[in-house]
Amino acid sequence: MNKVFLCRETQKGETRVALIPADIKALTALGYECAVQSGAGAVTGYTDGEYETAGAAVMPSLEAGYGFADIIVRINKPEDINGIRKNTLHISSFDVFNEKAAIQAYAEAGIRLVSLEMIPRTTLAQKMDILSSQASLAGYYAVVLAASRLPKILPMMMTPSGTISPARFFIIGVGVAGLQAIATAKRLGARVEAFDTRPVVEEQVKSLGAKFVKIDLGEMGQTEQGYAKELTPEQIEIQRKAQAKVCAQSDVVITTAKVFGRKAPVLLTKEMTADMKPGSVIIDMAVGTGGNVEGSDPKGDVMLDNGVLIIGGDSLERFIPKDASNMFSGNIAAFLTHFWDAESKSIKLTAADEIMKGCLITADGRIVHERFI
Ligand code: NAD
């Protein structure tokens, strides 16, 4: 199994490509035989010619690529599995928690499915971690987007014509995206406050020069993988009340609070957004998994009657496709390199490997991941 096929993305709004020419070149040098669907990199800015120069064959159609491939690579889950051959290894992000029927279909078709979001958050697997690579870019972009929609500048400015106070940012949820948002807002001169339910985050926030908002929610903690635990309705209510004043004083609120595999908690209610200042901007980065902000819309902007703008900030990395693709591609190349077996000149799917165990969802005609059986 060494034939890799890169597909053109079909999901509306997708701007990224799963492998860039530089990584095709590296994989070809390793021993993989690569092919790309014609136009796969066009939206991102890579031509068929660049892929050819890197060593890939250009396939005129998806069907031709499926016929060639042992391994299919793409960013998003495809609309259907028609034409994907039995025993093919399919690698993409998959939204596995919401796609139970699709997983079953892959199992029944004998397709081996790797879901990239399920790669364990371990040191060894860090270079394959699409959640981190994409979230850090999205966190950066959220600040740039907020700055571009705000009716004021971010830094303090003292001039003979007057003094401008710094914009106030409040970041709720300080994982990968939140940390990058704090760092970016600080670099641009904003005054930043932040909150996360995981106690270990306080030090990280302070080390970036931001202020940690203290809220006592009682017993908190994190899972083995470093994810937040789900709050009780009572704890969420305490958090909302404690945050309301900070939100009302902020020019920008960026929410990134997610709970892995579950719906995101609603942390800003209608009453809280109604109390915010006109011209304030909220970016709900959890909008794709239910949303942290009541009334946010994954399809776009919502302007409230009081002049507060809510932006549904799903997959913001799509606004910076070049860097997002470079990183995503690096993650996939690291995965294919990690499982390359030089002796057999093939990818080796060792079921006992911790990384493979974490992300292989279907194999041998059945669901093999313990979380989905
Ligand atoms: P995520 O996207 O699942 O969630 C974003 C943040 O929201 C998290 O920090 C979470 O604690 C927080 N959150 C959840 N509920 C909240 C609430 N009610 N209020 C406020 N905040 C809330 O998280 P992520 O960015 O994917 O990171 C998850 C963890 O994985 C972190 O601990 C991170 O350091 C760790 N991580 C480890 C590795 C590695 O070791 N290889 C790589 C990446 C991330």
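Both ligands and their constituent atoms are indexed starting at 1 by order of listing.
- If you look at Ala257 next to ligand 1, the close heavy atoms, those under 4.0 Å, come from the backbone and the side chain alike.
- With hydrogens and angles disregarded, a donor-acceptor distance shorter than 3.5 Å links the side chain of Arg8 to the backbone of Ser38.
- Ring planes of Phe260 and Tyr227: parallel class, angle under 30° (limits at 30 and 60°).
- Residue pairs meeting the side chain to side chain donor-acceptor pair (under 3.5 Å) criterion with at least one member in residues 283-295, sequence neighbours excluded, are Thr255-Asp284, Thr255-Asn292, Asp284-Ser296.
- One option in Thr123, Thr197, Val176, Ile172 has a heavy atom closer to atom 17 (C) of ligand 1 than any other, and that option is Thr197.
- Under the 4.0 angstrom criterion for non-hydrogen atoms, Ala135 is not in contact with ligand 1.
- Of the heavy atoms in Leu231, only side-chain atoms (C-beta onward) come closer than 4.0 Å to ligand 1.
- Under the 4.0 angstrom criterion, atom 33 (C) of ligand 1 counts as lacking any protein heavy-atom contact.
- Protein heavy atoms are found less than 4.0 angstrom from atom 11 (O) of ligand 1.
- With hydrogens and angles ignored, the 3.5 Å screen pairs no side-chain donor or acceptor of Thr256 with any backbone N or O of Met285.
- At a heavy-atom cutoff of 4.0 Å, ligand 1 is contacted by the backbone of Thr122 but not by its side chain.
- Any N or O atom pair closer than 3.5 Å counts here, and Arg198 shares at least one such pair with ligand 1.
- Looking from atom 37 (C) of ligand 1 to the surrounding protein, the closest heavy atom is Arg121 CB, 3.8 Å.
- Of all protein heavy atoms, the one lying nearest to atom 43 (C) of ligand 1 is Ser132 OG, 2.8 Å.
- Residue Asp129 touches ligand 1 through its side chain alone, judged by heavy-atom distances below 4.0 Å.
- For atom 35 (C) of ligand 1, the nearest non-hydrogen atom of the protein is Gln225 O, 4.3 Å.
- Geometrically, Lys322 engages Tyr46 in a cation-pi contact defined by less than 6.0 Å to the ring centre and at most 45° from the axis.
- Although no hydrogens or angles enter the test, the distance criterion places a donor-acceptor pair under 3.5 Å between the side chain of Gln235 and the main chain of Leu217.
- The shortest N or O to N or O distance between Val259 and ligand 1 is not under 3.5 Å.
- Looking at Arg318 and Glu14, a side-chain N of the basic residue comes within less than 4.0 Å of a carboxylate O on the acidic one, giving a salt bridge.
- For atom 8 (C) of ligand 1, the closest heavy atom belonging to the protein is Asp196 OD2, 3.4 Å.
- The environment of CG in Asp80 is crowded: more than 12 heavy-atom neighbours from other residues, nucleotides or ligands sit within 6.0 Å.
- The closest protein non-hydrogen atom to atom 29 (C) of ligand 1 is Gly226 O, 3.1 Å.
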